Amino acid sequence: MGIISSSKSIGGITAIPCNGTLDVTIGITAAPDIVGNPTDIVLILDRSGSMAGQSLADLKIGVNMFIDIIAQATGGAPDQIGSGSHIGIVSFADTAVQDTGLITSVAALKAATAALTADGLTNHGAAFTQATALLSTSTNNRVMVMFTDGETTTGPDPSPIAAAARAMGITIYCIGLIGNTGIDVDALNDWATDPDVTHVAVAPTSADLEQLFADLAANISVPGATNIVINEALNPDFVIIAPPVTTKGTISLLTGTSFRWSIDQLGVSITESATVTFTIKHIADTTGIKHVDQSLTYTDTEGNQVSFGNPEVFVNCEPTFPADTCPEPVDVTLDGCEDFVEFNAGDLALEDTGRVLQLDVNLLNVCPGRRVALAVVLTELDQDDVPQPRGIKFFTIPGHARPTCSDVLVTCIRFVLPDDGVGLCTERVLQAQFMAHYIDNDFTCCPAVVTLS
């Protein structure tokens, strides 16, 4: 089979602060030649209502390409899966059905795919149940490929059903499409065979499905992989801060931003996976969406074509917004030979003999270019637990220039608390209330027009 899956992951992280860190994992899985090791594959296809339109059309193209690649790899008669391997199709929405058995006819598989229509809820549990039943009597290597664009909305919990299939020796791959109802990547990781990085792939749009299905099938024509060399070169905005750790092979650090991963052989006699993990740190000072890689290349003796993808993360280097600024400092200069200086710092009014309370608040999901009005109300509970007013402040938070809605950290909101005779070492119970809303909007009043007929 060769390299049957490959990917690069940053653990679902979408944003980090300036000079923040990321844990990166690269993974590959290789398997023996499908001609000498017949394999039965069940494609589990989501046809729930959210798949209607272009998503379902693109899915069918990807599935047809997968079938064609397997047919060519197994060297069967024209329009047939050969070498003892089979493909079956299970589709699901409110319930799941076996659209075909484990068959070899390419035409029948494509006809079943073409007949799929989108409607209903999403029942992953029933889908795994039907696929397991289809593979239960197979004596070949057994593989499931689960495709879905949403979370489970009906039926039993899929997790134990998928776990039972894995316990039977069935390998599970999951392909997720970021659809209208959202995708639960944690659930895909739970269902799929470990390691997740080599058995789970997520497509941002349905147009990417063709490539994902092709990548999964394209390397089935060659046995395992030998003399693997992977060269990683990071985006110069990042640097490796901990030596990469691999489960198989050796790592050679080349520079602070690059390394070489070498593996003698993988998946030659049994299906095997290998991963390398490392931590990187952002070292630039610019805000924006940054790809992790400058380049990532793969070679082996068998000529496997491998694509890892290039994860991206939004790096926020914009400063936090200080609500209250500190008082201006007074400059005092000492000449080199002066050991005593008398300096008049001017007048200073005492604010209070009490304490200073400083608050920070993180405004969630603020849209670009829109100012926010922020109010902070401070009260204190007296001995009878009755709230007493201690102050109120209003701020205008300027709009940010990030490409998407993002969190805005507001810092240094200061209140000076009167002593009120309680003493500096007495415990005090304070309550802070925050209220925020947009200042900028496109609202206009309707014109007062009266038409007399």
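Computed from a predicted model, the values in this text were never measured in an experiment.
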What residues, two or more places apart in sequence or in another chain, satisfy side chain to side chain contact (heavy atoms under 4.5 Å, CB included) together with T299? V229
Residues which pass side chain to side chain contact (heavy atoms under 4.5 Å, CB included) with P156, listed by chain and number, not counting sequence neighbours: N123, I161
Passes salt bridge (charged side-chain N to carboxylate O under 4.0 Å, His left out), E210 versus K60? Steps please. CA-CA 9 Å; E210 180 178 350; K60 292 177 180 180; over 6 Å; no
Is it the case that over 12 heavy atoms from other parts of the model lie below 6.0 angstrom from the CD atom of Q98? yes
With D190, which residues qualify under side chain to side chain donor-acceptor pair (under 3.5 Å), at least two apart? S159
Residue list, side chain to side chain donor-acceptor pair (under 3.5 Å) with T113, at least two apart or on another chain: none
Tell me, please, which residues at least two apart from H86 pass ring-ring contact (aromatic ring centres under 6.0 Å, His included). none
Partner set under side chain to side chain contact (heavy atoms under 4.5 Å, CB included) for D68, not counting sequence neighbours: V106, K110
Side chains of L430 and L417: does their closest heavy-atom pair fall under 4.5 Å? yes
What residues, two or more places apart in sequence or in another chain, satisfy side chain to side chain donor-acceptor pair (under 3.5 Å) together with D119? none
Can you list everything that forms a ring-ring contact (aromatic ring centres under 6.0 Å, His included) with F147? Sequence neighbours excluded, please. none
Output all residues satisfying side chain to side chain contact (heavy atoms under 4.5 Å, CB included) with S295, sequence neighbours left out; order by chain, then residue number. A233
Pairs involving residues 237-247, ordered by first then second residue, that meet salt bridge (charged side-chain N to carboxylate O under 4.0 Å, His left out) (sequence neighbours left out): D237-K290
Output every pair passing salt bridge (charged side-chain N to carboxylate O under 4.0 Å, His left out) with a member in residues 240-252, not counting sequence neighbours, ordered by first then second residue. K248-E272
Charged N to carboxylate O under 4.0 angstrom, D40 versus R142? no
Which residues share a ring-ring contact (aromatic ring centres under 6.0 Å, His included) with F308, sequence neighbours left out: none
